[in-house]
There are 2 protein chains.
Amino acid sequence: MTQPLLNETSITTASDKVFVDMRREIVEGSIAQGSKISEPELAKRYGVSRATLREALNRLESCYLVERKANIGCRVVALTAERLIEVYQVRSALEGLACRLAADNMEPDEVQGLKQLLNQHLQTQRVKEGESYYQEAGDLDFHYRIIKGSKNAHLIHLLCHDLYQLIRMYRVQMGMVGPRVSKAFDEHLAIINAIENHDGELAEMLMKRHISASQANIQTKFDRYQSVQAVQNHVAN
Amino acid sequence: MTQPLLNETSITTASDKVFVDMRREIVEGSIAQGSKISEPELAKRYGVSRATLREALNRLESCYLVERKANIGCRVVALTAERLIEVYQVRSALEGLACRLAADNMEPDEVQGLKQLLNQHLQTQRVKEGESYYQEAGDLDFHYRIIKGSKNAHLIHLLCHDLYQLIRMYRVQMGMVGPRVSKAFDEHLAIINAIENHDGELAEMLMKRHISASQANIQTKFDRYQSVQAVQNHVAN
DNA sequence: AAGCCATAAATTGTCGACAATATAAAAATA
DNA sequence: TATTTTTATATTGTCGACAATTTATGGCTT
């Protein structure tokens, strides 16, 4: 279970399964970014009909993981620097809002749960060592709970259902690990305090900063990643 | 052409046409809010197969006009007061962002065009008389141009493709007309000035206020609408 | 040899039919 | 009569095949 919290919808139908499987493969890079998707090929690979596969593709499109053009086909989204900036600008605005609303709408026990989560991760040795998986999961969980705490169903859907997998895709494929862990914890703590004090304005500001810092961190990785790519291309030619 | 500016995608395929048609009918209320959608019935009505209709339904779902449940079916979204608040909270955050970005990224000629648009509408007699259609179209056009001016493709998609039809649906079905027209123009003017001065912070704030005022206006209509509904229900029983 | 046009192959869009699930109606039980 | 169980109906999910469009191939002209 790599992303237990984001699978709110139980998998009942066949296209559900294909959707979830493809989503994971795209986010993790098994299906390469920017690559064209052949309906017949993928349908055969997942052992379903084209109709079922297309249903899954539609849903992947609505969470921005593939792009579709009429009569031409489907392509996995390309991870560009421009798009990273664009998505994080949107994320910052939306999660800022979520955090402000959470300061008003979170129940005391939810806030307590959030504090416990933070302590839990602080005390976990693995986090101190900056291990990637737990950091990722913990961070996601933290953000996820605050978003839910906004009690705004539309916002929750927008962030958790539509946008988060794309963000995850950047994080996973850029290999986000390490040095920001401790800093992120301090930032998380400050955000929780603001929420607990029902200071929505401060909570919003802190969350926006937190996300900006995260963006800057990814951007660095991305630039490195791109120069590696450039070198590889140069060697290949 | 009720919404010439929001049909960025040319209608090539059959499901495109069904999507656009159904979207209009849902927004205008010909297909009632909250009503269940029967695939066989609608497919027959539009003269297409169920597969084609389902393609359209998927796209309607991704712009929040219908809701789908596995093995149960599709329902037109219900216009509740809660959802109105939720959607406008999101809209405010996103268009606020768009406006801030526009202050940095709009070209001088785009700003000029925006000013001309405003003058044009001020001088149009119909607007002064508070006629509904032009007010709606003009307001939409204004917001649309600023969003585009942000130059953030993801944000543009989110607002113009995913969210705007739902907002329009509230406005249309609440019968938004009249008294806010002149006030809205002053607000629009102030926003343009802020953008022209590259004052993103102010532009964002003004846009958020403008949208809040719009929300309050709709909310009033909505409360009235709901009490009418309640009386009707009471009489019917 | 380069570019253009016609043809062939492959891919996407659309259809009608069948299977699985959910809803409605009828029968049975308490 | 009210409630549960069973049966029947209707709706959604899935499939394979055909039509329309795009892309690739091969031949022709300059």
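Reminder, nothing fancy here: chain letters follow the sequence lines and each chain counts from 1.
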Nucleotide of C:dG13, C:dA22, D:dG13 approaching B:Arg50 most closely (side-chain heavy atoms): D:dG13
In this structure, how many angstroms lie between the P atom of C:dT12 and the CD atom of A:Glu39, rounded? 5 Å
Under 4.0 Å between a Lys/Arg side-chain N and an Asp/Glu carboxylate O for A:Lys151 and A:Asp104? no
Using 30° and 60° as the class limits, which term best fits the ring planes of B:His188 and B:His210: parallel, tilted or perpendicular? perpendicular
Atom-to-atom span, CD of A:Glu41 to C1' of C:dA10 - whole angstrom: 13 Å
Would you indicate what A:Ala51 reaches in the nucleic acid, counting non-hydrogen atoms under 4.0 angstrom: base, sugar-phosphate, or nothing? base
Give a yes-or-no answer on whether the side chains of A:Arg91 and A:Tyr164 include a donor-acceptor pair shorter than 3.5 Å. yes
Once you round it to whole Å, what is the distance between C1' of C:dA20 and CG of A:Asp16? 14 Å
Between atom NZ in A:Lys69 and atom C1' in C:dG13, what is the gap in whole Å? 18 Å
Could you tell me how far apart A:Leu42 (CG) and C:dT12 (C1') are, to the nearest whole angstrom? 14 Å
Salt bridge check: are A:Glu67 and A:Arg83 linked by an N-O gap of less than 4.0 Å? yes
Any salt bridge (charged side-chain N to carboxylate O under 4.0 Å, His left out) pairs touching residues 31-43 of chain B, not counting sequence neighbours? B:Glu39-B:Arg50, B:Glu39-B:Arg54, B:Glu39-B:Arg68
Considering just the side-chain nitrogens and oxygens of A:Thr52, establish if one lies under 4.0 Å of OP1 or OP2 belonging to D:dG13. no
Please state whether the phosphate of D:dG13, meaning OP1 or OP2, lies under 4.0 angstrom from any side-chain nitrogen or oxygen of B:Arg54. yes
Measuring to OP1 and OP2 of D:dT14, would you say a side-chain N or O of A:Thr13 lies under 4.0 angstrom away? yes
In whole angstrom, what separates A:Glu55's CD from C:dT14's P? 15 Å
Considering only D:dT12, C:dC15, C:dT12, which nucleotide approaches the side chain of B:Pro40 most closely? D:dT12
What integer distance in Å separates B:Asn58:CG from C:dG13:C1'? 14 Å
Phosphate OP1/OP2 of C:dG13 contacted by B:Ser15 side-chain N/O (<4.0 Å): no
What's the CG-C1' distance between A:Leu57 and C:dT11, to the nearest Å? 13 Å
Nearest to side-chain heavy atoms of B:Arg68, which nucleotide of D:dC15, D:dG13, D:dT23: D:dG13
Measure from the side chain of A:Ile72, starting at C-beta and using heavy atoms only, and say which of C:dG16, D:dT22, D:dT14 lies closest. D:dT22
Hey, does the side chain of B:Lys36 come within less than 4.0 Å of D:dT12's phosphate (OP1/OP2), counting only N and O? yes
Report which part of the nucleic acid A:Leu53 touches: base, sugar-phosphate, or nothing (heavy-atom distance under 4.0 Å, all strands). nothing
In terms of the nearest nucleotide of DNA chain D, which residue is placed more toward the 5' end: A:Asn71 or A:Val48? A:Val48
